[in-house]
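Each remark here refers to the structure printed beneath this line.
Throughout, numbering of the chain's residues begins at 1 and tracks the sequence.
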Amino acid sequence: MKMFLAMGAAVVGVAAANERTLLSSRRRAADVPTFEQDHYYGSYESISINQGGENTDHGTCCDATSPSCKIQVISLGGDHWNDAAHNRTRDDSQEGQIVNWYHYNGKDEGKQMAIEFNQTANAYQCVQFCPLDGDMPKLEINEHALHLGKHTITQDGASGETKSVDLYQWTDRLVIIPLDQTKFYVDESVDPAVPFFSNVLLEPFGEKIGTENTSYLGFTPGPVDQSKFNIIGIDTCEKSDNCQDDSYSTPAQKLKRSFLQDAVLKVGDVAEETKDTVTLKDSPTFPNDWSAVETSHLVINQGGVPDAEGNICCAHAVIGQCQVQAEYQHGNKFFDYTNKRTRFEDSVSGEIFVNDYKNGKEMAVVHNETLGYDVCVEYCPLQDELDPFAIDDDAKDLGAGTDPITGKSGEHYHWADVILKVIQMSHTEFYADISGDTAAPISMSEHLTPFGGAEIGSSNNTWGNFTAGAQPAEKFDIHGVDTCPESQQCGQSSRQARRLANRDLKTFAKYLKIQN
């Protein structure tokens with residue numbers, strides 16, 4: 001079973017043909033072992049993804065002050081049923097239960113489903129799905145793989161075995177550019193041969209970003225238990241909000257309900273609460289339209305632990321999941337409440353984000369130097385409306401104090417952030433300069449505590465050169481808005497950091513997945 005979502009590629013062109021000739025010279029394609037496509041096996045899989053982090057002897061780490069870092073380590077045991085006769089597979093693990101049903105009911109489009117057992121119906125029920133394109137992939141060795149002889153390999157997992165097995169190795173390329181390298185170990189001491197262990201090195205466009213190991217435990221060829229596919233509610237199953245988004249590492253994460261979806265379900269069982277708040281006698285008033293130099297620093301930590309140097313690390317040898325994300329942004333912010341739009345120009349990454357709240361689009365844009373205007377590259381749907389910049393209605397005024405981030409003096413406010421009126425998402429410390437006719441923000445520190453639980457991360461924002469006034473129209477003259485494609489990376493860290501800075505909490509919650 002492949003845990004990564006979409007890392008494959010076609011091998012095309014003359015260079016690829018030359019490579020096939022070289023690889024097949026070691027062993028003819030006819031000699032590559034094949035496997036029974038109807039089969040069951042127990043699996044032990046581990047993923048390690050490192051984008052901007054550092055590998056150490058004990059794990060993979062993010063510097064908490066990194067401009068951009070994402071690390072993820074997943075180690076899971078499970079079961080895999082491959083029902084090729086009916087174009088479907090099922091994988092059960094600690095992450096959940098996922099069924100891939102290709103060409104569902106003979107249609108061109110299949111369904112990838114998260115399922116749960118319904119005790120009342122005594123059957124599995126579809127909870128969420130995403131469309132599934134293409135034919136059912138085969139468990140097979142690349143016909144042009146190198147055969148590199150016998151190697152002694154120990155499988156992962158409590159029931160893993162140690163055997164002398166045959167190694168087959170190949171590289172998937174886009175023309176001549178490597179995408180991933182596979183080492184596939186086969187037990188040929190039995191007839192027919194069975195898969196034993198595989199290692200995939202992810203290196204899209206030559207950049208090594210991760211590895212995936214799979215142990216095939218107790219591989220059993222033959223028809224599988226059909227009761228595993230007794231699923232109800234397929235035709236009425238809810239489509240996931242994240243089908244377009246490829247920023248998740250596994251199908252189970254992609255199909256997992258977001259924090260926003262869980263909040264919507266929960267709010268029906270939660271009565272409106274009376275909050276213990278103090279009404280502000282002099283609530284600060286901020287200008288409707290303004291610009292500033294804005295700095296944002298986001299850290300999300302689900303399962304990471306600090307090391308002696310203060311980095312946040314995911315250990316490799318721990319069963320379960322760990323994810324750490326860090327994002328730092330600094331640049332010019334334009335807040336145009338009058339026309340319901342904002343713009344941020346990140347001097348660190350060079351990215352530009354423009355939010356058009358009237359059209360409900362959070363756009364990544366680039367400046368076309370030749371044509372002299374900005375063009376929308378891709379967008380994510382906005383779930384929020386733009387409100388005037390302000391502190392929360394239920395904020396408590398804690399009096400004058402010194403901002404711990406900037407060291408400046410200001411008025412200190414505290415509040416709990418909620419979505420859907422009653423679902424706690426975070427709590428916030430805010431400092432403002434209230435000495436003028438209108439207030440100016442100094443800093444905001446937000447601690448993410450979804451459902452009022454343990455903190456999973458924090459976001460710090462500061463503002464400098466805060467200037468009130470109408471915003472330049474040319475900053476919002478964006479071309480190609482109507483034809484701009486929806487992004488497949490709406491859950492990426494840079495967008496999540498922007499959402500917290502903009503107070504787009506519902507949009508942030510849509511792409512936040514809480515690990516169990």
What about the rings of Phe129 and Trp101, do their centers lie closer together than 6.0 Å? no

Is the distance between the ring centroids of Phe117 and Tyr124 less than 6.0 Å? yes

Kindly say whether [Y] contributes a backbone atom to a donor-acceptor pair with the side chain of [X] at under 3.5 angstrom?
X      : Y      : value
Asn213 : Ser46  : no
Thr449 : Ala454 : no
Asn199 : Thr182 : no
Lys111 : Ile234 : yes
Asp392 : Trp415 : no
Gln329 : Ser494 : yes
Thr338 : Asp336 : no

Just so I know, are the side chains of [X] and [Y] near enough to count as touching, which here means a heavy-atom distance under 4.5 Å?
X      : Y      : result
Leu448 : Phe508 : yes
Asn50  : Ile209 : no
Pro381 : Gln383 : yes

Passing candidate, side chain to side chain contact (heavy atoms under 4.5 Å, CB included) with Tyr431, options Ser445, Ser409, Pro441, Ser443: Ser443

Write out all pairs satisfying disulfide (SG to SG under 2.5 Å) with one or both partners inside residues 424-483, taking only residues at least two apart or from two chains. none

Rounded to the nearest 0.5 Å, how far does [atom2] of [Y] lie from [atom1] of [X]?
X      : Y      : atom1 : atom2 : value
Gln302 : Ile456 : CD    : CD1   : 4.5 Å
Phe334 : Thr342 : CZ    : OG1   : 11.0 Å
Thr211 : Lys183 : OG1   : NZ    : 11.5 Å
Ile434 : Phe286 : CD1   : CZ    : 9.0 Å
Tyr44  : Ser93  : OH    : OG    : 11.5 Å
Ile231 : Ile115 : CD1   : CD1   : 4.5 Å

Quick one: side-chain contact (heavy atoms from CB on, under 4.5 Å) partners of Gln489, sequence neighbours excluded? Asp246, Ser247, Ser487, Gln492

Between [Y] and [X], is there a salt bridge with N-O shorter than 4.0 Å?
X      : Y      : result
Arg503 : Glu446 : yes
Lys70  : Glu327 : no
Arg498 : Glu294 : yes
Asp403 : Lys408 : no
Asp482 : Lys361 : no

Evaluation steps, side chain to side chain donor-acceptor pair (under 3.5 Å), between His330 and Thr295: CA-CA 4 Å; His330 176 84; Thr295 300; 2.7 Å; yes

Which heavy atom of [X] sits nearest a heavy atom of [Y], and at what distance?
X      : Y      : value
Val324 : Cys314 : CG2-SG, 3.9 Å
Asp346 : Val348 : OD1-N, 3.0 Å
Gln496 : Gly491 : CG-O, 3.9 Å
Leu217 : Gln155 : CD2-OE1, 3.3 Å

For Gln323 and Gln72, test the side chains for any donor-to-acceptor distance below 3.5 angstrom and give the result as yes or no. yes

Any donor-acceptor N or O pair under 3.5 Å, side chains Lys333, Asn502: yes

Evaluation steps, side-chain contact (heavy atoms from CB on, under 4.5 Å), between Asp477 and Asp374: CA-CA 7 Å; Asp477 180 20; Asp374 291 342; over 6 Å; no

Restricting to side-chain hydrogen bond (donor to acceptor under 3.5 Å, both in side chains), what partner residues turn up for [X], sequence neighbours left out?
X      : answer
Lys475 : Glu345
Asp433 : Ser435
Glu54  : none

Could you go through Tyr337 and Trp290, starting from their C-alpha distance and side-chain angles, then the distance that decides it, and tell me whether this counts as ring pair (Phe, Tyr, Trp, His ring centres under 6.0 Å)? CA-CA 9 Å; Tyr337 174 72; Trp290 52 267; over 10 Å; no

Determine, step by step, whether Thr438 and Phe466 satisfy the side-chain contact (heavy atoms from CB on, under 4.5 Å) criterion, reporting the C-alpha distance in whole Å, the side-chain angles of both residues, the deciding distance to 0.1 Å, and the verdict. CA-CA 11 Å; Thr438 57; Phe466 189 85; 5.9 Å; no

Just checking Asn368: does its CG atom have more than 12 heavy atoms from other residues, nucleotides or ligands closer to it than 6.0 angstrom? yes

Take atom CD in Glu486; do more than 12 heavy atoms of anything else shown fall under 6.0 Å from it? yes

Does Asp356 have any salt bridge (Lys or Arg N to Asp or Glu O under 4.0 Å) partners at least two apart in sequence or in another chain, and if so, which? none

Evaluate the criterion side chain to side chain donor-acceptor pair (under 3.5 Å) for residue pair Asp504 and Asn355; output intermediate values, then yes/no. CA-CA 10 Å; Asp504 293 330; Asn355 285 11; 3.3 Å; yes

Is there less than 2.5 Å between the SG of Cys313 and that of Cys62? no

Assign the ring pair Phe335 / Phe389 to parallel, tilted or perpendicular, where the plane angle (0 to 90°) is split at 30° and 60°. perpendicular

